[in-house]
Amino acid sequence: MKRRSFVSHLVLSPVAWSLLRLRTEGTETDALLSGPLVGYSEMTETMIWLQTRRPARAQIRYWVQGKPETTRLSEEHRTTHTGDGIAKFTLSGLTFGTRYEYEVYVDGVRIGRPYPMTFQTQPMWKWRTEPPAFRVAFGSCHYVNDPPFDRPGRPYGDAPKVFSAILAQKPDLMLWLGDNCYYREADYHTEAGMRYRYAHTRAQAELQPLWAAVHHYAIWDDHDYGPNDSDRTFRRRDVALRIFQDYWCNPTHGTPETPGCFFRFDWADVEFFMLDGRYHRTPNQLPDDSPDKMMFGREQIQWLLESLRSSEATFKVIVGGGQMLNPVSPWECFSRFKVEQARVFDFIRSEKIPGVIFISGDRHLAELNRRTEPNLYPLYDFTSSSLTAGVATLSKAEQDNPCRVPGTLVEKHNFGILEFSGPRANRLLTMRCFDENGNEEWKREIPIGELRFPR
């Protein structure tokens, strides 16, 4: 059967429809294919995403939690075939530091869901109180099986029970670190194929409660950008970026001068620098010490360094798709781009930028790397992977990784939690790694004092 995307299904067979079928209560389906998904959060604004099965009128009704008398209605959006059935609602004029409940209407009919649908605005804390405590979930490598397109043999995607475990941790936000879906060989050379893959993954039933109640931010890696290990020579990179922008609700994408999915945002006193390791990446086969070998590209690295310099955040979290500090990995890690990596280290050192940590995905295992550089406080990289894709084991080269913190290697499905707590002067970061059943594998505490230069 020839497979078509949502954008081209003017006539779509019942079999194809079943591939994109979202089951809700019992075996009934409704007009909503996937979502709602809660995107970025600011003090007075948020964004909500959804996707309908057919062209429709969609609207959001929302109110302060526990106060239905405060109900407001969003503007009505009309979804279309050519727009992939997607609607994005920007809800502005909200009250800061407030949790809201909401519901979705499609063609005037309320779409009921058997789980909470909530969002929150960030508090206005500066000059008033200490920064609030909050929790961040993160992970990478989410594979949803699709038999007509999968490789023969054992399915690569495992049961998606990890998403219930993530939701049980009650994070305020979740960071998706790439490989958030997996393009197949039949997908990544046509826009229709790429859009089909996103829609198929996004509609996974087990994801819907998490989409609806946690704020989501995302970058990509190779499998949700293009082919395996793809770089800036990928011929569909502009299409890939357009699709990424359609399916995620990040506050910005790149800069006016430099395209990409990179951006920065803050939550309380912590700032996150979300990096794009694909759009500007040079081929991996270049010599590791070549000045022309780049993971992020000159413009994006300059943006990162200037952003770090301008940031007043207590912790500055640099988020990459691949591992950022592992010195012995033979895979697509930042250490194989030696000149670019050294430039980041040198800038943190020379400008005395405090509070920098890294988080990363890609490796299909979890570990914490701690790297010491001359005249620089310890640098940490918490790698978390995979959510549902096949689990990896260490390569021979990595078995004696001198930077791995003992007791932090996890070779099973996992996700990470970052907890920020305490007064700003003595802010504490607690890192936790959980398996797919919600069992804590390890815990490490990093006080902000450990990430400061001596006065």
Is it true that [X] and [Y] have a side-chain N and a carboxylate O under 4.0 angstrom from each other?
X	Y	result
Arg54	Asp107	yes
Arg264	Glu271	yes
Arg195	Glu191	yes
Glu419	Arg432	yes
Glu373	Arg371	yes
Arg197	Asp146	yes
Asp150	Arg184	yes
Arg363	Glu398	yes
Glu130	Arg424	no
Asp30	Arg113	yes
Glu103	Arg61	yes

Next on the checklist: Ring-plane angle category for Tyr156 and Tyr143, please: parallel below 30°, perpendicular beyond 60°, tilted otherwise.
Outcome noted: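 Perpendicular, since the angle between the ring planes exceeds 60°.
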
Checklist entry - Mind checking whether Trp442 and Phe382 have parallel, tilted or perpendicular rings, split at 30° and 60°? => result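 Judged by the thresholds at 30° and 60°, the geometry between Trp442 and Phe382 is tilted.
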
Does any non-hydrogen side-chain atom of [Y] lie less than 4.5 Å from one of [X]?
X	Y	value
Thr314	Val270	no
Pro354	Lys316	yes
Thr383	Ile359	no
Met431	Ile417	no
Thr98	Gln120	no
Gln204	Thr201	no

Next on the checklist: Is the distance from the ring center of Trp303 to that of Phe262 below 6.0 Å?
Outcome noted: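 Yes; Phe262 has its ring centre under 6.0 Å from that of Trp303.
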
For [X] against [Y], the heavy-atom pair lying closest together:
X	Y	result
Val38	Thr46	CG1-OG1, 4.1 Å
Ser74	Phe89	OG-CD2, 3.4 Å
Pro209	Leu167	CB-CD2, 3.8 Å

Checklist entry - Hey, mind stepping through Tyr105 and Arg57 against side-chain contact (heavy atoms from CB on, under 4.5 Å) and telling me if it holds? => result CA-CA 8 Å; Tyr105 289 80; Arg57 296 175 291 107; over 6 Å; no

Checklist entry - Of Tyr40, Phe265, Trp176, which meets ring pair (Phe, Tyr, Trp, His ring centres under 6.0 Å) against Tyr217? => result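 Among the candidates, only Phe265 passes.
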
Checklist entry - What's the verdict on ring pair (Phe, Tyr, Trp, His ring centres under 6.0 Å) for Phe272 and Trp267, showing C-alpha distance, side-chain angles and the deciding distance? => result CA-CA 8 Å; Phe272 299 85; Trp267 197 289; 8.4 Å; no

Checklist entry - Can you check ring pair (Phe, Tyr, Trp, His ring centres under 6.0 Å) on Trp248 and His216, steps first, answer last? => result CA-CA 8 Å; Trp248 293 105; His216 297 274; 7.1 Å; no

Next on the checklist: Both conditions, 6.0 Å and 45 degrees, for the charged tip of Arg336 above the ring of Trp331: are they met here?
Outcome noted: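 No.
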
Checklist entry - Can a cation-pi geometry be assigned to Arg237 and Tyr279, taking NZ or CZ under 6.0 Å from the six-membered ring centre and within 45° of the ring axis? => result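 Yes.
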
Checklist entry - Should Leu37 and Leu50 be marked as a side-chain contact (heavy atoms from CB on, under 4.5 Å) after you check the CA-CA gap, both sets of side-chain angles, and the distance that decides it? => result CA-CA 6 Å; Leu37 175 151; Leu50 59 81; over 6 Å; no

